[in-house]
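Notes for the one structure printed next.
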Amino acid sequence: MCGIVGAIAQRDVAQILLEGLKRLEYRGYDSAGMAVIGSDQTIERVRALGKVQALADCMTQPLLGGVGIAHTRWATHGEPSERNAHPHVSGNNIALVHNGIIENHTELRQQLEDDGYQFQSETDTEVIAHLVHREQQVRNDLLASVRFVAKLLRGAYGAVVMDSNSPDKLVVARSGSPLVIGLGIGENFIASDSLALLPVTRQFIYLEEGDVAEITRTSVYIEDANGVQVERPVQESTASYDAGNKGNYRHFMLKEIYDQPQAVRNALESRLADDHVLEQAFGTDASAIFAQVRHVQIVACGTSYHSAMVARYWLESLAGIACSVEIASEYRYRKSVVPEKSLLVTISQSGETADTLAALRMARHLGYLATLAICNVGASSLVRESDLAFMTRAGVEIGVASTKAFTTQLVGLAILVLSLAQHNNINPEQLKQLVAALKQLPEKLEETLQLAGDIENLAQGFADKHHTLFLGRGDQYPIAMEGALKLKEISYIHAEAYAAGELKHGPLALIDEDMPIVVVAPNNELLEKLKSNVEEVRARGGLLYVFADVDAHFESDDTLRVINVPHTDPWLAPVVYTLPLQLLSYYVAIIKGTDVDQPRNLAKSVTVE
Ligand code: AGP
């Protein structure tokens with residue numbers, strides 16, 4: 001959730017830390033802080049409520065020093081405030097930043113208070129700073145102290161500690177929250193995401209669960225969970241330095257909406273043959289595993305869950321394979337029965353979402369045939385801990401509201417469905433047509449983006465409304481859900497999605513002239529049914545906005561506005577119809593003046609429960 005960056009160098013590190021924090025702001029942005037060890041071996045600390053820019057504004061005198069840590073926060077314990085912002089300090093010498101949740105913080109706090117420690121914040125994090133301080137009094141060995149303290153903590157953490165009495169090192173610990181070491185020449189770095197460090201290095205070491213490491217300017221020493229020294233591979237990042245910039249776009253979200261044709265092209269690249277899909281995209285063992293699969297369980301959160309819901313329709317209708325879909329936070333705490341020959345699929349943009357990761361770890365012992373991650377971040381925990389993986393190649397997504405991550409997940413799922421269908425007697429001619437439709441998808445998305453002007457004009461009709469309904473049927477029902485999620489996330493308008501056939505069972509009572517209703521209506525086998533549902537709404541005075549195929553023959557009038565979406569193969573309509581709904585929520589948010597890229601109360605990557 002929170003963003004961490006640290007550096008140890010011969011030069012002053014404050015600017016590096018600040019730039020790193022700006023790049024990590026997507027992880028949380030309610031407060032930020034930084035501490036460096038100055039030349040007189042004292043800790044200097046600045047913290048500010050609000051975004052990283054508020055911290056930068058406070059630093060009229062730059063902090064000077066070659067060792068430092070910094071943090072951008074998404075509050076879990078204690079309100080967003082300067083005193084709850086990290087780094088937290090203990091004594092005059094220990095400073096610490098932390099991402100995650102310490103579940104046993106209350107009992108640790110009590111013990112520390114009994115030992116005479118006074119707490120300055122309401123955070124769970126502060127206990128770690130005091131615990132390290134207490135150990136350092138005895139051990140005077142920062143690595144040993146952190147290793148000892150790590151064993152006292154229950155919960156999830158990625159933490160970086162410095163001690164001004166040992167100003168030549170940073171010590172870091174990872175359990176449940178990602179940390180990556182960046183290697184420089186005569187300088188080294190640490191962050192919760194390599195994106196933060198791209199301006200200073202391309203060489204990364206990803207820490208594993210339970211690792212504790214000591215980082216100096218010239219060395220990296222890592223111990224695993226058993227306290228045994230380990231070498232972790234150095235990986236070269238090919239991510240673009242500018243990946244975190246929005247170019248000429250007003251917001252990251254808008255840029256990412258427009259990135260989608262290329263992102264989908266990237267997701268398809270080298271994964272399709274002329275008349276079939278290449279299962280190796282999922283890993284070398286994929287073919288042998290897919291041949292056995294009789295049931296698929298998909299687990300995900302938020303937008304990623306919506307992509308899973310689309311996949312269920314596809315899997316059962318095209319591959320003839322039973323599929324269940326569940327929200328990760330529910331699945332992980334439920335006793336479930338795993339059908340024979342079942343494949344567990346997790347979907348996540350970040351690959352670090354706590355609930356999804358916990359669901360994967362919990363399910364590992366339930367007898368699944370194999371686990372597969374569909375993910376945008378190759379070095380993520382989810383990918384590393386799964387048997388198979390499909391990289392969605394969306395590129396860095398900064399906007400909290402997920403856009404290109406979703407459409408590329410749908411591409412990954414489409415390829416998965418066809419892979420399983422190939423083992424399940426799909427008609428070769430039908431398979432060839434489905435592959436051909438996939439190849440055309442980027443152009444369809446380009447065409448669809450040309451609707452932006454029309455959609456911007458519609459947005460005004462929503463800006464003064466407090467509630468909206470989104471309707472779809474079949475595989476468009478999850479798209480309606482995703483449209484509703486986008487609108488509520490960034491415009492704060494209450495939005496509900498319904499399978500249109502369900503209207504008459506209750507929600508029809510809500511319909512009046514103050515409730516705009518958005519309908520997604522491609523030309524598929526459910527179109528006539530959907531038209532009847534539209535009439536049910538019209539008859540009760542509802543104002544409808546229908547995104548429809550030209551061939552669907554909707555006519556605009558006083559109560560119904562039609563936006564014609566380019567004709568597309570029905571099986572890929574869920575991908576195409578997503579874009580107008582993203583644009584709609586974006587333009588409504590612009591009119592409302594909300595913070596599009598960093599909506600209130602949310603964070604991009606939810607690495608805590
Ligand atoms: C989408 O717009 C969200 N901000 C959110 O629902 C997100 O999809 C969810 O938190 C899951 O994240 P993940 O894909 O990184 O696992």
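None of the values given here were measured: they were computed from a predicted structure. Both counts, for ligands and for their atoms, begin at 1 and track the order of listing. This chain uses plain numbering: 1 for the first residue, then up along the sequence.
Closest to atom 10 (O) of ligand 1, if we only count protein heavy atoms, is Val606 CG2, 4.0 Å. Among all protein heavy atoms, the one lying closest to atom 9 (C) of ligand 1 is Cys301 O, 3.7 Å. Distance from atom 3 (C) of ligand 1 to its nearest protein heavy atom, with residue and atom name: Glu489 OE2, 3.1 Å. Looking at atom 12 (O) of ligand 1, its nearest protein heavy atom turns out to be Thr353 OG1, 3.5 Å. The nearest protein atom to atom 15 (O) of ligand 1, hydrogens excluded, is given as Ser350 OG, 2.7 Å; this is a heavy-atom distance. In terms of protein heavy-atom proximity, atom 1 (C) of ligand 1 is nearest to Thr303 OG1, 2.9 Å.
Side-chain contact, Gln260 with Gln582: a donor N or O sits under 3.5 Å from an acceptor N or O.
Here is the list of ligand 1 atoms found below 4.0 Å of a heavy atom in Ser402: 1 (C), 2 (O). Each of the atoms 2 (O) of ligand 1 lies under 4.0 Å from some heavy atom of Ala401. Every atom of ligand 1 is numbered from 1 in the order shown, and the set under 4.0 Å from a heavy atom of Ser348 is 13 (P), 14 (O), 15 (O), 16 (O). Listed by number with element, the atoms of ligand 1 under 4.0 angstrom from any heavy atom of Val400 are 2 (O), 3 (C), 4 (N). Set against the non-hydrogen atoms of Gln349, the atoms of ligand 1 under 4.0 Å away are 13 (P), 14 (O), 15 (O), 16 (O). Residue Ser304 has at least one heavy-atom neighbour below 4.0 Å for each of these atoms of ligand 1: 8 (O), 13 (P), 14 (O).
Residues His466 and His494 keep their aromatic ring centres 6.0 Å or farther apart. Residues Tyr587 and Phe462 place their aromatic rings such that the two centres sit no closer than 6.0 Å. Between Phe282 and Phe390, a ring centre-to-centre spacing shorter than 6.0 Å is recorded.
Look at Arg361 and Glu385 and you find a salt bridge, because one of the NZ, NE, NH1 or NH2 atoms lies within 4.0 Å of a carboxylate O, short of that distance. Salt-bridge annotation for Asp597 and Lys255: absent, with no side-chain N of the basic residue lying under 4.0 Å from a carboxylate O of the acidic one. One finds no salt bridge joining Arg265 and Glu269 here, because no Lys/Arg side-chain nitrogen approaches an Asp/Glu carboxylate oxygen to under 4.0 Å.
Figure legend: Arg600 and Tyr492 shown as a cation-pi pair, the cationic atom lying under 6.0 angstrom from the six-membered ring centre and within 45 degrees of its axis.
For Gln409, no nitrogen or oxygen atom sits less than 3.5 Å from a nitrogen or oxygen atom of ligand 1, counting backbone and side chain alike. Taking any N or O of Thr356, backbone or side chain, none lies under 3.5 Å from an N or O belonging to ligand 1. In terms of N/O distances under 3.5 Å, ligand 1 is not approached by Ile347.
Residues Ile181 and Leu207 have side chains in contact (heavy-atom distance under 4.5 Å, counting atoms from C-beta outward). No side-chain heavy atom of Gln262 sits under 4.5 Å from any side-chain heavy atom of Pro442.
Neither the backbone nor the side chain of Glu352 comes within 4.0 Å of ligand 1, counting heavy atoms alone.
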